[in-house]
**Student:** 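Handing you this structure, nothing more for now.
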Amino acid sequence: MKKFWLTTLSGLVLGGILGFIYWKFVGCESGACAITSSPINSTGYGMLMGALALSSGWPKKSRNTNQS
């Protein structure tokens, strides 16, 4: 369980950094883009996507339902 939270936290940090970098170098100059027009929105979205991406790869505990 500790490994799951560590991976999720790593995804938050990495996603936040990548979201900020995306805003800084690509961004949206007109301000019409909902996510990339603001560094807060871009960083938050990156954090969410990073946490989901890294935490979704963990296998779930399976129950042995094969009863002979």
**Student:** Which value, rounded to the nearest 0.5 Å, describes the distance between L12 atom CG and I17 atom CD1?
**Tutor:**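 The CG atom of L12 sits 11.0 Å away from the CD1 atom of I17.
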
**Student:** Which hydrophobic side chains are connected to L14, either touching it within the sub-4.5 Å cutoff or through other members that do?
**Tutor:**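 Members alongside L14: L18.
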
**Student:** Not counting sequence neighbours, which residues clear side chain to side chain contact (heavy atoms under 4.5 Å, CB included) with L6? List them please.
**Tutor:** none

**Student:** Could you go through residues 31-38 and list every donor-acceptor pair under 3.5 Å that involves a side-chain atom there, pairing it with any protein atom two or more places apart or in another chain?
**Tutor:**
{"residue": "S37", "atom": "OG", "partner": "C33", "partner atom": "O", "Å": "2.6"}
{"residue": "S38", "atom": "OG", "partner": "I40", "partner atom": "N", "Å": "3.3"}

**Student:** What's the shortest heavy-atom distance between T8 and S55, and which atoms?
**Tutor:** OG1-CB, 3.3 Å

**Student:** Let me have the donor-acceptor pairs involving side chains of residues 42-53, under 3.5 Å, with sequence neighbours excluded, atom names and distances please.
**Tutor:**
{"residue": "S42", "atom": "OG", "partner": "G19", "partner atom": "O", "Å": "2.6"}
{"residue": "T43", "atom": "OG1", "partner": "P39", "partner atom": "O", "Å": "2.7"}

**Student:** Which pairs, with at least one residue in residues 11-31 and sequence neighbours excluded, count as a ring pair (Phe, Tyr, Trp, His ring centres under 6.0 Å)?
**Tutor:**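 Pairs touching residues 11-31 that pass the test: F20-W23.
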
